[in-house]
**Student:** 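Supplied in structure tokens, the structure appears directly below.
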Number of protein chains: 2
Amino acid sequence: MLNMPHPARATIVDVARAAGVSRQTVSNAINSPERVSPDTLSRVLQVVEELNYRPSSAARTLRHQRAGAVGTELNAVTGTPSEVALPFLTALTLAAPGHACHMVPFASREAFPMLSGYQDMVRRRLVDAFVLTDTHPADPRPDWLEQAGIPYASFGRIYDDSSRVWWADVDGSAGTSAAVAHLAETGFRTVGFLGWPAGSAVGDDRRLGWLAGVEQHGLALGPEAAAPQSLSQAISAAERLLDGLAVGDAVVCASDVLALGVQQAALARGWRPGRDIGITGFDGSATAQLHDISTLVQPLDEIAEHLLTVVHDQLAGAPAPTQGALFLPTLTVGASTVTTSMKGTP
Amino acid sequence: MLNMPHPARATIVDVARAAGVSRQTVSNAINSPERVSPDTLSRVLQVVEELNYRPSSAARTLRHQRAGAVGTELNAVTGTPSEVALPFLTALTLAAPGHACHMVPFASREAFPMLSGYQDMVRRRLVDAFVLTDTHPADPRPDWLEQAGIPYASFGRIYDDSSRVWWADVDGSAGTSAAVAHLAETGFRTVGFLGWPAGSAVGDDRRLGWLAGVEQHGLALGPEAAAPQSLSQAISAAERLLDGLAVGDAVVCASDVLALGVQQAALARGWRPGRDIGITGFDGSATAQLHDISTLVQPLDEIAEHLLTVVHDQLAGAPAPTQGALFLPTLTVGASTVTTSMKGTP
DNA sequence: ATCGTTCATTTGAACGTTCATAATGTGTCC
DNA sequence: GGACACATTATGAACGTTCAAATGAACGAT
């Protein structure tokens, strides 16, 4: 089996030879340029360019005892994957080079993740830390990882224990509150709410923002309803909700799929979204974009940046922050709250 | 800065000492068990378990001159990311351990990918090869990589040059043809088509399957229309299309979004999908699932498996295959072609 | 002239693994 | 009994990098 020869890759010794210096000087030129005299620096860097040298990450990992990589689990169980999973992974991947690391996804077909999967990756020195997603109340992973001494950061609050601070999340309440503000500005006067069945921490939070927003802007509190994250059930719930609303009212929703349900139910009874009824969703998902629904876009870039900082700090032994971090979503306006024929003050 | 001590990780020498053998014997016990006598083997493996030893991938990479990793680019440019991007990445990630490797995603905000990004990852020994996605006619990447001697495999045909064989794709024509067969079985007699504007290789392929299917099953050829991958434009095109169809007819679509457009247009004129009009989409995307549209699900697991085999073979210097590989999509039936009240023969 | 100080650079060692090869023991055949 | 084949285990070296410590040179201050 004649092994395909990799295109000749220059090593640090090749560069050293070509520049007439030692290994270490090349290493310094790259990692601590201030330690190298200006003329040797430029000479070395030029050779680096000529030979297209890049330090081997494997050798670095071996030497530093640090993989320079962060693992993250992809949900592979059949069912509805989170609508923001890919954009979030993309945000992490984009932010990683700024933290001198890269992402390593992993997945299993087991319904529930197992610690051993996480542990193995660390033991094999494939990753130093993890970014968790879809963290839910009673999620065992924060406990596991903490006891195993494995750094992590979670996208989504960690509910069990308020002493856990290694997370970042979207400020749902502020988001729906901002949605109500937008509806008020646009001219809607009564605002209802379509959420998830009570008990979901994320959903309850978003509901509170609706209540606060309606009060703060002196609007009329419309009815509320709940449905799970399924379009058909969202439509059913929306139909009941619309029975209690009139043309000119609005509905704030806890997710984009729920908002889509309201949109479909409205269309079914001939109400034009954005004109006859205002609808806002939550998450900034592709679904909202596709259906032109106003939605609260999660600041995934900021969150990814923050989470990588958090794991980096843990690896560096920096003191833990005092609390998790909340980030504000931003409203993206679609046709579901404003149409070309602007609503005037009646 | 007190560095957080990694939980003590056992090395191969620790295992060797504890088992009373040499490094190499431990290595053999793990990599070539047949070279080790049965009793030493079991003794060593037991110690491996006790100490929870896992070989350092960094040391292996350094020694083998092979990263054991495959890179893949995430499309980070704003716009509509492919609906199957995440499921496909998940499929790759699931298949990777079977090929003794892991995936490394990367991304940039540049509109067009640059070779240098790919080259750097190889030079840093972060990855050995790449899986390309969204390959389009005149895509420069296959050329680049081939000239740089970097192994790759593409999800999606490589159009420029039929001598390129390192790809796998979905058999679009067979897919739409199967969709027509399903519609025929279900009782539809006239079948139209909603595709993308002519010139898209993927779209043209899927259109041919519709034509062939209609002929093969002796159905009536309905009208056809085209729209880009945007819901509003799909709806407009679908409205024109439906004008030329009657209740009881069906439409095969080149994508799930287009199918959604037909569904929405049908609902708008009071036609019940699955009963009054049959609709099939393509891709098995979350959109189709959400809206309960019959769709042709891409066999992503098979494709991922195949692509990893392809890059592995290249790395091993195996002879190139004679052609790319096509995989059949499978039809998932939703409410858009069959409803609870089964269509009988009239 | 001698001694320290500082700066730029070099050298030896180590990170953990596996390849190539050597050493050891175990029979087998004449 | 000795030469040979074979199975099993052990040793040295190398992959490419960076840390810690050593060397050498230039410069003042004494």
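Proteins come first, then strands; the chains are lettered A, B, ... in the order of their sequence lines, and each starts at number 1.
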**Student:** Pairs under 3.5 angstrom, nitrogen or oxygen only, protein versus nucleotides 21-24 of chain C, please.
**Tutor:**
none

**Student:** In whole angstrom, give the distance that lies between atom CD1 of B:Ile12 and atom P of D:dT11.
**Tutor:**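 About 14 Å, once rounded to whole Å.
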**Student:** Quick one: side-chain hydrogen bond (donor to acceptor under 3.5 Å, both in side chains) pairs with a partner in residues 84-103 of chain B, sequence neighbours left out?
**Tutor:**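 Passing the test, one end in residues 84-103 of chain B: B:His99-B:Glu305.
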**Student:** With B:Gln46, which residues qualify under side-chain hydrogen bond (donor to acceptor under 3.5 Å, both in side chains), at least two apart?
**Tutor:**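 Checked B:Gln46 against side-chain hydrogen bond (donor to acceptor under 3.5 Å, both in side chains); matches are B:Glu50.
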**Student:** Got a sec, which residues hit salt bridge (charged side-chain N to carboxylate O under 4.0 Å, His left out) with A:Glu302, two or more places apart in sequence or on another chain?
**Tutor:** none
**Student:** Pairs under 3.5 angstrom only: tabulate donor-acceptor contacts from the side chains of residues 115-122 of chain B to other protein residues two or more places apart or in another chain.
**Tutor:**
residue: B:Tyr118; atom: OH; partner: B:Glu73; partner atom: OE1; Å: 2.5
residue: B:Tyr118; atom: OH; partner: B:Arg141; partner atom: NH1; Å: 3.2
residue: B:Asp120; atom: OD1; partner: A:Arg54; partner atom: NE; Å: 3.3
residue: B:Asp120; atom: OD1; partner: A:Arg54; partner atom: NH2; Å: 3.4

**Student:** Would you tabulate the pairs of protein nitrogen or oxygen atoms and nucleotide nitrogen or oxygen atoms of nucleotides 11-13 of chain C closer than 3.5 angstrom?
**Tutor:**
residue: C:dG12; atom: N7; partner: A:Arg23; partner atom: NH2; Å: 3.0
residue: C:dG12; atom: O6; partner: A:Arg23; partner atom: NH2; Å: 2.7
residue: C:dA13; atom: N6; partner: A:Arg23; partner atom: NH2; Å: 3.2

**Student:** Hey, which sits more toward the 5' end of DNA chain C by its nearest nucleotide, A:His64 or B:Ser27?
**Tutor:** A:His64
**Student:** Which whole-number value in Å describes the distance from B:Arg66 CZ to C:dT18 C1'?
**Tutor:**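 Going from B:Arg66 (CZ) to C:dT18 (C1'), I get 15 Å.
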**Student:** Any side-chain hydrogen bond (donor to acceptor under 3.5 Å, both in side chains) involving residues 15-25 of chain B? Give me the pairs, sequence neighbours left out, ordered by first then second residue.
**Tutor:** B:Asp14-B:Arg17, B:Ser22-B:Thr25, B:Gln24-B:Asn28
**Student:** Can you list every salt bridge (Lys or Arg N to Asp or Glu O under 4.0 Å) pair that touches residues 81-109 of chain B, not counting sequence neighbours?
**Tutor:**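 Listed by first then second residue: A:Asp301-B:Arg109.
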**Student:** When the ring planes of A:Phe106 and A:Phe130 are compared, do they come out parallel, tilted or perpendicular, using 30° and 60° as the limits?
**Tutor:** perpendicular
**Student:** Given that A:Arg60 and B:Gly20 both sit by DNA chain D, which one's nearest nucleotide is further toward the 5' end?
**Tutor:**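 Its nearest nucleotide lies further toward 5', so the answer is B:Gly20.
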**Student:** Return the set of residues passing side-chain hydrogen bond (donor to acceptor under 3.5 Å, both in side chains) with A:Thr133 (not counting sequence neighbours), or none when no residue passes.
**Tutor:**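 A:Thr133 satisfies side-chain hydrogen bond (donor to acceptor under 3.5 Å, both in side chains) with no other residue.
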**Student:** Check side-chain hydrogen bond (donor to acceptor under 3.5 Å, both in side chains) between B:Asn52 and all other residues, then give those that pass, not counting sequence neighbours.
**Tutor:**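 B:Asn52: side-chain hydrogen bond (donor to acceptor under 3.5 Å, both in side chains) contacts with A:Arg123.
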**Student:** Near DNA chain D, which residues from residues 30-58 of chain B have a heavy atom under 4.0 Å away?
**Tutor:** B:Val36, B:Ser37, B:Thr40
**Student:** CG of A:Asn28 versus C1' of C:dT9: gap in Å, rounded?
**Tutor:**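 Distance check: A:Asn28 CG to C:dT9 C1' gives 9 Å.
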**Student:** What closest approach, in Å, do B:Tyr159 and B:Thr135 show between heavy atoms, and which atom pair accounts for it?
**Tutor:**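 Residues B:Tyr159 and B:Thr135, closest heavy atoms: CE1-O, 3.9 Å.
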**Student:** Residues in side-chain hydrogen bond (donor to acceptor under 3.5 Å, both in side chains) with B:Ser27, at least two apart?
**Tutor:**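 side-chain hydrogen bond (donor to acceptor under 3.5 Å, both in side chains) list for B:Ser27, sorted by chain: B:Asn31.
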